[in-house]
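In what follows, a single structure is set out as structure tokens and then discussed.
Within every chain, numbering begins at 1; the chains are lettered A, B, ... in the order of the sequence lines, protein sequences first and strands thereafter. From a predicted model like this one, the values you see are computed outputs, not experimental measurements.
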Amino acid sequence: MSKVRVRFAPSPTGGLHLGGVRTVLYNYLFARHHSGEFVLRIEDTDQSRYVEGAEEYIFDCLKWCGLEPDESVQIGGPYAPYRQSERKGLYFQYAKQLVDTGYAYYAFDTQADLEDMRSRHKTDANPTPQYDHKLRTQMRNSLTLPPNEVEQLLANNTPYVIRIKIPENTIVEFDDMIRGHVQFDTNLVDDKVLLKADGMPTYHLAVVVDDYLMKITHAFRGEEWLPSAPVHLLLWKYLGWYNDMPKWAHLPLILKPDGHGKLSKRDGERLGFPVFAMNWKDPKSGELTQGFRERGFLPEAFINILALLGWNDGTEQEIFSLDELIQKFSIERVHKGGAKFDFEKAKWFNHQYLQRKTNEELVGLVKPYIAEHSVSIDDSYLKKIIGLIKERCTLLPDFWEQGHFFFKTPEIKELSVITDKWNEQKKAFFEGWVNSFNSIDWTHDALENSFNEQLTAHSLKKGDVLLPLRIMLVGGKYGPGVFAIAEMIGKEETKKRIINIIKRASEY
RNA sequence: GCCGCGUUGGUCAAUCGGCUAAGACGCCUCCCUUUCACGGAGGAAUGACGGGUUCGACUCCCGUACGUGGUACCA
């Protein structure tokens, strides 16, 4: 078999969706697994949907994910250009060839003609009439018009499109790598436009011409493309390239966690989780949509989540590095059914990856999130703190939530824990303990020992003052062991925090 | 409406005719920890429905239901 070549062909119209990244991933894994090539082609044939910056954004996302193509508009390749708008001139000859061989025809119907046709033929039984083998005989095209009139229209530069002439009474079938045998009755397929009035191809023409020209061997795309597969198949036949047609795999959809339907960015906003790989700001509306990266996900975790959303290796393993995925991925084990996205599970994956990182690695990752709160950071100090708190962190911003009190005096959110049961005995205890600070080594164990000594001296139990101490140092009921915190923040700061609260509590 | 595709716990899912139906997330209980988390031990919770085929069906076939996608000069 010839060298494996796959492609991801997004249209640059906005943020890169979870499902899009998964399609990239499966392409990438398949290509690497078979030592093949992964091509990124930009499908920008709809000029009305052009969005500034969207193409660049896609590349940035792939870079963040570590799924970089072997050929693309950015790095070029032997089949350049990789942007369909730049290949515009190429498609006409193939459309023309189809017309000449009788597999396609010119259609001169205006937008109004089409609307008119649809409204005239619309019935309850057929709510969306199609431009098909039945109706094409009633429209203005090179099949119904006399040849000289067609020539005249063409000569006058009358706007036209080229439509595929779908045959009647034919079964189009193929074997999908995921779904097995699939078949369609051509009587139910419409005469799709191949070449638009502006001279641009539609997706249907472009995808087969480019897959052929770029020597694509395996084509993976979302399940939403399955209904148009017969058109593509017929095109491969009519163009005489059938033997070179790639093997198809239609990937299952990623669904909303609640309710039903394809996952959309709106669902993310509604339910509070990201849907795009990275932040996307719409240049027209200025609307910002949050991405997994900015939410604090690690790219390795993000990839792992996506890989398992529709695929598994049949064992109990859930954590896979990219290399393992490349080694173990097989398209046959991809599910047929769509999967609902579960953000809780996604967070669990990220937590797993965070725990597997060394504290050194985490320093660089966490730093920006600490810096956001304008505190000065010392790397070795940060590293120690990370060691203390990382097991309670799931997303990168959690490091601030879980460790802010190491950097600045916390706001006391649960003061009542102290004040509700405050008394002279406790006050004396804390004062006594603070006074002993000068005579002890400032280490975790020494701190704990002196704390215990003070306890017996004041006839108190640990339970009476340990939680109040935590509130004094942390502000709330969370965090690592109090003596570890005290050790880290130092004698002066510890003293300051305690004395401060003694004052406040005594005023009650 | 029509066509395609799908359907194992709340979610992700294993199973390729032998099932007392794995595992993970989430949830609940307990232990650990005088905080939170981590960790540990338990628990509740699944084959859409109806027909076949078969000694035997979650697994194969056929219906039905439900879901989902498509039905554009968008991809």
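For residues 172-183 of chain A, proximity to RNA chain B is found at R179(A), V182(A), Q183(A), defined as any non-hydrogen atom under 4.0 angstrom from a strand atom. Looking at residues 113-123 of chain A, you'll see L114(A), R118(A) sit with a heavy atom under 4.0 Å from some atom of RNA chain B.
Every residue was checked against the ring-ring contact (aromatic ring centres under 6.0 Å, His included) condition with Y91(A), not counting sequence neighbours, and none meets it. Applying the ring-ring contact (aromatic ring centres under 6.0 Å, His included) test to F399(A) and every residue at least two apart in sequence or in another chain returns nothing. Residues forming a side chain to side chain donor-acceptor pair (under 3.5 Å) with E86(A) (at least two apart in sequence, or on another chain): R83(A). Remark: Y369(A) engages no residue in a ring-ring contact (aromatic ring centres under 6.0 Å, His included) (not counting sequence neighbours).
Here salt bridge (charged side-chain N to carboxylate O under 4.0 Å, His left out) pairs that include residues 390-402 of chain A, with residues two or more places apart or in two chains, number zero.
The base of C36(B) lies close enough to the side chain of R392(A) for a donor and an acceptor atom to sit less than 3.5 Å apart.
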Tabulate atom names and distances for all N/O pairs under 3.5 angstrom spanning the protein and nucleotides 58-67 of chain B.
unit_1: G67(B); atom_1: O3'; unit_2: H260(A); atom_2: ND1; d: 3.3

What nitrogen or oxygen pairs link the protein and nucleotides 47-50 of chain B at under 3.5 Å?
none

Using the 3.5 Å cut-off, write out each protein N or O paired with an N or O of nucleotides 24-28 of chain B and the distance between them.
unit_1: A24(B); atom_1: O4'; unit_2: E318(A); atom_2: OE1; d: 3.2
unit_1: A24(B); atom_1: O2'; unit_2: E318(A); atom_2: OE1; d: 2.6
unit_1: A24(B); atom_1: O2'; unit_2: K345(A); atom_2: NZ; d: 2.9
unit_1: A24(B); atom_1: N3; unit_2: K345(A); atom_2: NZ; d: 3.2
unit_1: C25(B); atom_1: OP1; unit_2: W348(A); atom_2: NE1; d: 3.3
unit_1: C25(B); atom_1: O2'; unit_2: K345(A); atom_2: N; d: 3.4

Filtered N/O pairs between nucleotides 29-31 of chain B and protein, under 3.5 Å:
none

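Where pairing requires Watson-Crick or G-U contacts shorter than 3.5 Å, the helical stems of RNA chain B with at least three consecutive pairs are B:1-7 with B:65-71, B:10-12 with B:23-25, B:27-31 with B:39-43, B:48-52 with B:60-64.
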